[in-house]
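Residue numbering restarts at 1 for every chain, and letters A, B, ... go by the order of the sequence lines.
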Number of protein chains: 2
Amino acid sequence: MKLKYEGAFEVSKSPREVFKFLTDPYKFARTFPGFRSVEVSEGGSFTVNLNVNIGPLRGDATLEGSFIEVREYSYAKVSGRGVGVGSSLNFVLEFRVTSLNSTSRVDWTFEGEIGGLAASIGERVLNAIAKNMVDDIISNIVEALTTGPP
Amino acid sequence: MKLKYEGAFEVSKSPREVFKFLTDPYKFARTFPGFRSVEVSEGGSFTVNLNVNIGPLRGDATLEGSFIEVREYSYAKVSGRGVGVGSSLNFVLEFRVTSLNSTSRVDWTFEGEIGGLAASIGERVLNAIAKNMVDDIISNIVEALTTGPP
């Protein structure tokens, strides 16, 4: 099942700070629901271990991604694959960070193909779950950026 | 190490025929050097098993990809991950098929991040290997399309 989501959010930090957060696996991975651990390899590849707990989808999952394009402080593209809880997901995530007076605006698009148990849930429910997850992740990003050490 | 390649080629078949070939894992996977087998899941996800034999990179490798966006007969985007021979590769491949008189033109872009042993080969050698592989794959595609059953 194909997934395509896009959106934007604002953070009251500079584009440089926001971009550095969003391209640091040790930082952004902690904003994922069910985060357990993260490993980083050379060249910007990362592995995130998650404990998924979404309706019938319960258990461990692993997400392996790479930054395949990075324009410092303004744009990044991530390609990755997640496997676990009887499901698999290939995805591409792109985001742009722009300056907006004293804040930053992040425009993002996510495209993916999900298969297995997660796909069998049906599009409507899956979209609702995805929306919740995205909202949670964005809240966590904004909170980490604005309440963390200066 | 980040990889970015792009190019174009022509085939004396209709865009519809070319597009159907390029989006059918049972067909395009056979054009990969070292092809051993292919499995297809629901939704356009596929797993290709390869026997790699490129300089120091020798052994089995597995490529798992998905068509994350498909506009019939004109455009497709594939996201995937390859693992094997001490290396890993996350990639996004996009291609456009356009009509060119009685032939078709395929414009493609490939972006990826390669890690492990393959990355240690160095950029210059890796680019030369990639160019050879791309040339081989394109030759195989053109040959399969123009000499196969009508």
Working to the nearest 0.5 angstrom, can you tell me the gap between [X] [atom1] and [Y] [atom2]?
X	Y	atom1	atom2	value
A/S66	B/L89	OG	CG	8.0 Å
A/S88	B/R81	OG	CZ	13.5 Å
A/E111	B/I68	CD	CD1	4.5 Å

Any link between [X] and [Y] through a network of hydrophobic side chains (Ile, Leu, Val, Met, Phe, Trp, Tyr) touching at under 4.5 Å?
X	Y	answer
A/F28	A/V18	yes
A/I114	A/V134	yes
B/V106	B/V78	yes
B/L63	B/I138	yes
A/F35	A/L93	yes

Could you pull out the closest heavy-atom pair between B/N90 and A/G65, with the gap in Å? ND2-C, 3.5 Å
In short, A/S79 meets B/G80 closest at the heavy-atom pair OG-O, 3.9 Å
Among A/E64, A/M1, A/K77, which residue has the highest count of heavy-atom pairs closer than 4.5 Å to chain B? A/E64
Of all of A/S41, A/G112, A/S45, which one pairs up most often with chain B through heavy atoms under 4.5 Å apart? A/G112
What part of B/F91 is in contact with chain A, defined as an atom under 4.5 angstrom from a non-hydrogen atom: side chain, backbone, both or neither? backbone
What residues of residues 2-11 of chain A sit under 4.5 Å from chain B when only non-hydrogen atoms are counted? A/K2, A/K4
